[in-house]
Amino acid sequence: MFNLLPLLLLIPSVAVAQSAALHGDVGNAYARDGTLLYREQHITWRQDGQTQRVVIYRCPDGAAFARKRLRATADPATPDFSLLDGAIGQRIEVRRHDGGIALSYRSRRDADTHTAQLPLPRHAIIDAGFNDYVLEHWDSLLGGATRHVAFLLPSRREWMNFSVRRVDKDEAARAGAAVFRLQLGSWFGFMLPHVDVRYSLDDRRLLDYRGPSNLSNARGDNPWVNIEFPADQAQATLSAQALAAAAQAPLDGRCSLH
């Protein structure tokens, strides 16, 4: 087992947090029928020149059930991250290691933990690094280019070839938005689930995400979700206490997702 200490130390001390600019966003995750499944509370800051983030997942009643921690690396598209779902015991841990990545994955509390050491391919994306990849290649994607990437699937402990391209309709552009799609690069990829992310053309802010959730249900599936990020729920400044509360919240919530 590789050393997970760097991942466990992502939360800054109160003194560091108080001196850092903490920003907050909220994503509301809906099922296809419009049912609210859960909310994501994102808290982002910079420490030692690196962007860091804590995401706390809450049931509609506000109880926390999962937490994710991310820390940017030299390539923001491939952050170190850890995820713990307290409801089913799923745990994922990934970090850059010796020029590649070290990965640990457990699907549920009573399952075995699998580990792997993988090389880091070119044009790689890990988890929420997809957002950073889109922003880094904004002009190219906006102009219609198709980019080919290696996307990490922790459950399979492997990289898979995906494509990223702009797919929005005219009405999206007229509404001041652009939609980019992450899709399996194989010829049959059109038959499999894909991810669509919609951004504001004005300020490049993420408006919504549509695709498989990064959380699993009781059957081990990743349900389809529409995660909306309302501008009126974004918080330009947060307190160190808000970060501490998110970092320490007990993960005892139980939702219809599970």
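Not measured: the values here are computed from a predicted model.
Between L257 and P223 there is a side-chain heavy-atom pair separated by less than 4.5 Å. With a 4.5 Å cut-off on side-chain heavy atoms, S82 and I92 do not count as touching. Looking only at side-chain heavy atoms (C-beta outward), T44 and L22 stay at 4.5 Å or farther from each other. Looking at E228 and Y30, their side chains come closer than 4.5 Å, going by heavy atoms from C-beta outward. At a threshold of 4.5 Å between non-hydrogen side-chain atoms, the residues R157 and H114 count as touching. When side chains are defined from C-beta on, R53 does not count as touching R69, because their heavy atoms never get closer than 4.5 Å. Side-chain contact between C255 and F65 is present, with heavy atoms from C-beta onward closer than 4.5 Å. Using a 4.5 Å heavy-atom cutoff, the side chains of T78 and L120 are in contact.
Linking Ile, Leu, Val, Met, Phe, Trp and Tyr residues whenever their side-chain heavy atoms come within less than 4.5 Å places V149 and V195 in a single cluster. L135 and L207 fall into different hydrophobic clusters, where Ile, Leu, Val, Met, Phe, Trp and Tyr are joined by side-chain heavy atoms under 4.5 Å apart, directly or via other members.
Q90 and S216 get closest at one heavy-atom pair: NE2-OG, 3.2 Å. Shown here for L37 and P60, the closest heavy-atom pair between the two residues is O-CD, 3.4 Å. Minimum interatomic distance between R109 and G86 (heavy atoms only, all atoms of both residues): NH2-O, 2.6 Å. Between V54 and A246 the shortest heavy-atom distance is CG1-CB, 4.4 Å. Between Y209 and V197 the shortest heavy-atom distance is CD1-CG1, 3.9 Å. Nearest heavy-atom pair across G129 and I125 is C-CG2, 3.9 Å.
Heavy-atom contacts from other residues, nucleotides or ligands closer than 6.0 Å to CZ of R108 number more than 12. For D48, the CG atom counts as loosely surrounded, since its 6.0 Å shell holds 12 or fewer non-hydrogen atoms of other residues, nucleotides or ligands.
In summary, the side chains of R205 and S200 do not present any donor paired with an acceptor at a separation below 3.5 Å, with no hydrogens or angles considered. Checked by atom type, the side-chain pair Y38/S213 shows a donor-acceptor distance below 3.5 Å. Defined by atom type and a distance below 3.5 Å, a donor-acceptor pair is missing between the side-chain atoms of Q183 and S163. No side-chain N or O of Y199 forms a donor-acceptor pair with one of D208 less than 3.5 Å apart.
Atoms CE and CG, on M160 and L184 in that order, are 5.0 Å from each other to the nearest 0.5 Å. Between D127 atom CG and L83 atom CG the span is 7.5 Å, to the nearest 0.5 Å. Taking CZ from R67 and OH from Y57, the interatomic distance works out to 11.5 Å, rounded to the nearest 0.5 Å. For the atom pair OG1 (T115) and CD (E93), the distance works out to 11.0 Å, reported to the nearest 0.5 Å. Once rounded to the nearest 0.5 Å, the distance linking CG of L206 with NE2 of H42 reads 8.5 Å. A distance of 9.5 Å separates CG of D132 from CG of L70, quoted to the nearest 0.5 Å.
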Could you check L103 against L152 for side chain to side chain contact (heavy atoms under 4.5 Å, CB included), going step by step and ending with a plain yes or no?
-> CA-CA 10 Å; L103 182 155; L152 180 66; 3.9 Å; yes
Could you walk me through whether N28 and N226 pass the side chain to side chain contact (heavy atoms under 4.5 Å, CB included) test, one step at a time?
-> CA-CA 8 Å; N28 302 309; N226 173 23; over 6 Å; no
Given R46 and T51, is the side-chain hydrogen bond (donor to acceptor under 3.5 Å, both in side chains) satisfied, shown in steps?
-> CA-CA 4 Å; R46 288 185 65 81; T51 298; 2.8 Å; yes
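The backbone N or O of I227 lies less than 3.5 Å from no partner atom in the side chain of R210, so there is not a single donor-acceptor pair. No donor-acceptor pair closer than 3.5 Å links the side chain of H194 to the backbone N or O of L182. A donor-acceptor contact shorter than 3.5 Å is absent between the side chain of R166 and the backbone of R181.
Note on residues 149-169: pairs passing ring pair (Phe, Tyr, Trp, His ring centres under 6.0 Å), not counting sequence neighbours, are F151-F162.
With ring centers used as reference points, Y133 lies 6.0 Å or more from W138.
A side-chain hydrogen bond (donor to acceptor under 3.5 Å, both in side chains) with R96 is found for one member of D80, D75, T73 and no other, namely T73.
Of the charged side-chain nitrogens involved, none lies within less than 4.0 Å of a carboxylate oxygen, so that D196 and R198 do not count as a salt-bridged pair. Under 4.0 Å is where a charged nitrogen must lie from a carboxylate oxygen, and between R91 and D85 no such pair does.
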Name the atoms and distances for all side-chain donor-acceptor pairs under 3.5 Å in residues 139-146, with sequence neighbours left out.
| unit_1 | atom_1 | unit_2 | atom_2 | d |
| --- | --- | --- | --- | --- |
| S140 | OG | R147 | NH1 | 3.4 |

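Taking Ile, Leu, Val, Met, Phe, Trp and Tyr as hydrophobic and joining them when side-chain heavy atoms fall under 4.5 Å apart, one finds L251 in a cluster with I56, L84.
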